[in-house]
Amino acid sequence: MSERQPVQAIPARPPFRHRAMRHPGFVLGGTISLIVLLTAALALFWTPYPVTELNIASKLRPFSAAHPLGTDHFGRDVLSMLMVGAGNSVLVGIVAVGLGVGVGAPLGLLAAMRPGVISEAVMRASDLAFAFPALLTAVMITAIYGPGTVNSIVAIGIFNVPVFARLTRGVSLSIWQMEYVSAARAIGVPPLQIALRHMLPNIASPLIVQATIQFALAILAEAGLSYLGLGTQPPQPSWGKMLHEAQTMLYFAPMLAILPGASIAVTVLGLNLLGDGLRDLLDPKLRGGSNRRLARS
């Protein structure tokens with residue numbers, strides 16, 4: 001008789017910090033996002049030059065020690081404008097995503113916990129909101145209240161609400177049928193307490209991942225709205241506005257368009273990599289798959 005092979009124990013899952021540091025996409029995305037956030041924070045207190053300072057005598061200067069990224073057609077320092085533009089993009093992303101989570105997540109929880117008329121009303125309202133993308137909503141709001149950063153934030157936030165409402169409802173429906181939730185309902189635990197104690201902690205991971213993705217989309221939307229003149233207004237710089245102003249100077253000053261365009265692309269790339277990394281690290285199905293691979297190795 002052959003001897004029984006000893007059962008190999010599945011190794012304990014390493015801490016989140018150790019797993020995160022071994023995930024190249026998460027590390028790269030987190031590094032890019034951190035640099036953008038630090039730049040935005042620094043721009044609140046210091047920039048090499050005032051962004052509203054015009055110096056026509058120094059317009060369209062190339063890279064130099066005085067102006068590391070040159071100057072634009074008004075003599076403004078491009079590095080300073082990019083720093084302030086980063087702060088504007090981060091502000092729009094944080095507020096718009098916060099608005100989407102703050103309104104959409106409670107609506108999604110309510111729809112999952114109250115099937116029937118309430119759930120259908122929330123879902124049909126989400127369908128109606130999806131019919132008006134951020135750009136169209138911004139045009140409508142601008143026609144009523146005028147262009148500006150606040151109006152672009154409201155437009156992007158309104159578009160984020162149904163995204164988080166649908167996600168929250170979809171994840172919460174499965175949790176609402178779990179035995180421990182059914183037991184809590186049977187003993188008379190209030191629905192609000194069930195939502196805060198049992199459901200919200202279990203849906204936090206997908207909400208965090210979706211928030212990073214929507215953050216990137218909010219930056220893209222803000223840049224597009226500013227490019228069209230519906231977002232941030234002069235003299236406050238933004239990446240989209242810088243692209244709009246540089247489109248007539250592509251032949252003799254291409255860097256004025258390349259620099260803000262690259263800033264948008266790299267920031268969105270970093271946030272997408274961060275979101276993908278968080279999904280891999282926080283998704284229990286993917287974690288289980290990695291644990292099984294460790295056990296077989």
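Just so it is clear, the values below take in all heavy atoms, side chains as well, and ignore hydrogens, waters and symmetry mates.
When hydrophobic clusters are built by joining Ile, Leu, Val, Met, Phe, Trp and Tyr residues whose side-chain heavy atoms come closer than 4.5 Å, directly or via intermediates, Leu107 is not grouped with Leu167. Tracing side-chain contacts under 4.5 Å through hydrophobic residues (I, L, V, M, F, W, Y), one never reaches Val95 starting from Ile158; they form parts of separate clusters. No path of Ile, Leu, Val, Met, Phe, Trp and Tyr side chains, each step under 4.5 Å between heavy atoms, connects Val161 with Phe215, placing them in separate hydrophobic clusters. By the rule that hydrophobic residues join a cluster once side-chain heavy atoms approach within less than 4.5 Å of another member, Val163 and Val103 end up as members of separate clusters. Linking ILVMFWY residues whenever their side-chain heavy atoms come closer than 4.5 Å, directly or via other members, places Ile258 and Leu220 in the same cluster.
Looking at Thr232 and Thr149, their side chains do bring a donor and an acceptor atom within 3.5 Å of each other. For the residue pair Ser119 / Arg114, no side-chain donor-acceptor distance below 3.5 Å is found, with atom types taken as modelled.
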Discussion item. Could you walk me through whether Leu69 and Met255 satisfy the side chain to side chain contact (heavy atoms under 4.5 Å, CB included) test, starting with their C-alpha distance in whole Å, then the side-chain angles of each, then the deciding distance to 0.1 Å, before giving a yes or no?
Written reply: CA-CA 9 Å; Leu69 297 182; Met255 295 307 296; over 6 Å; no
Item to complete: List the steps and the verdict of side chain to side chain contact (heavy atoms under 4.5 Å, CB included) for Glu222 and Ser238.
Response: CA-CA 9 Å; Glu222 189 278 331; Ser238 72; 3.9 Å; yes
Worksheet item: After noting the C-alpha distance and the side-chain angles of Ile208 and Leu278, does the key distance pass the side chain to side chain contact (heavy atoms under 4.5 Å, CB included) rule?
Response: CA-CA 8 Å; Ile208 292 173; Leu278 286 173; 4.0 Å; yes
Worksheet item: When you look at Phe252 and Leu60, which way does the side chain to side chain contact (heavy atoms under 4.5 Å, CB included) test go after all the steps?
Response: CA-CA 9 Å; Phe252 56 88; Leu60 300 178; 3.8 Å; yes
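Rounded to the nearest 0.5 angstrom, Lys241 NZ and Leu225 CG are separated by 11.5 Å. Interatomic distance, CD1 of Ile153 versus CD1 of Ile141, reported as 11.0 Å (0.5 Å rounding). Rounding to the nearest 0.5 Å gives a distance of 10.0 Å between CG of Leu28 and CG of Leu274. Separation of atoms CG (Leu38) and CG (Leu34) is listed at 4.5 Å; rounding is to 0.5 Å. To the nearest 0.5 angstrom, Ile118 atom CD1 is 10.5 Å from Met113 atom CE. Between the CZ atom in Arg279 and the CG atom in Asp276 there is a gap of 4.5 Å [rounded to 0.5 Å].
Judged by distance alone, with hydrogens and angles left aside, the side-chain atoms of Ser226 form no donor-acceptor pair with the main-chain N or O of Ala223 at under 3.5 Å. Distance alone, capped at 3.5 Å, places no donor-acceptor pair between the Ser172 side chain and the Leu109 backbone.
The shortest distance between side-chain heavy atoms of Leu217 and Val268 does not fall below 4.5 Å. Between Thr47 and Val84, the closest side-chain pair of non-hydrogen atoms falls below 4.5 Å. At a threshold of 4.5 Å between non-hydrogen side-chain atoms, the residues Ile156 and Val92 count as touching. Side chains of Asp280 and Phe26 form no contact here, defined as non-hydrogen atoms less than 4.5 Å apart. Side-chain contact between Leu243 and Ile264 is present, with at least one heavy-atom pair separated by less than 4.5 Å.
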Under 3.5 Å, which donor-acceptor pairs link side chains of residues 72-83 to any protein atom two or more places apart or in another chain?
residue: Asp72; atom: OD1; partner: Phe74; partner atom: N; Å: 3.0
residue: Asp72; atom: OD1; partner: Gly75; partner atom: N; Å: 3.0
residue: Asp72; atom: OD1; partner: Arg76; partner atom: N; Å: 2.7
residue: Asp72; atom: OD2; partner: Arg76; partner atom: NE; Å: 2.8
residue: Asp72; atom: OD2; partner: Arg76; partner atom: NH2; Å: 2.8
residue: Arg76; atom: NH2; partner: Glu245; partner atom: OE1; Å: 3.2
residue: Asp77; atom: OD1; partner: His67; partner atom: ND1; Å: 2.9
residue: Asp77; atom: OD2; partner: Ser80; partner atom: N; Å: 2.9
residue: Asp77; atom: OD2; partner: Ser80; partner atom: OG; Å: 2.8
residue: Ser80; atom: OG; partner: Tyr49; partner atom: N; Å: 3.0
residue: Ser80; atom: OG; partner: Tyr49; partner atom: O; Å: 3.2

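Residue Phe63 places its CZ atom among more than 12 non-hydrogen atoms of other residues, nucleotides or ligands, all under 6.0 Å distant. Within a 6.0 Å sphere centred on CD of Gln247, other residues, nucleotides and ligands contribute more than 12 heavy atoms.
Residues forming a ring-ring contact (aromatic ring centres under 6.0 Å, His included) with His244 (at least two apart in sequence, or on another chain): Tyr227.
Here the shortest heavy-atom pairing between Ile32 and Val266 reads CG2-O, 3.5 Å. Between Gly157 and Leu99, the closest heavy-atom pair is CA-CD2, 3.6 Å.
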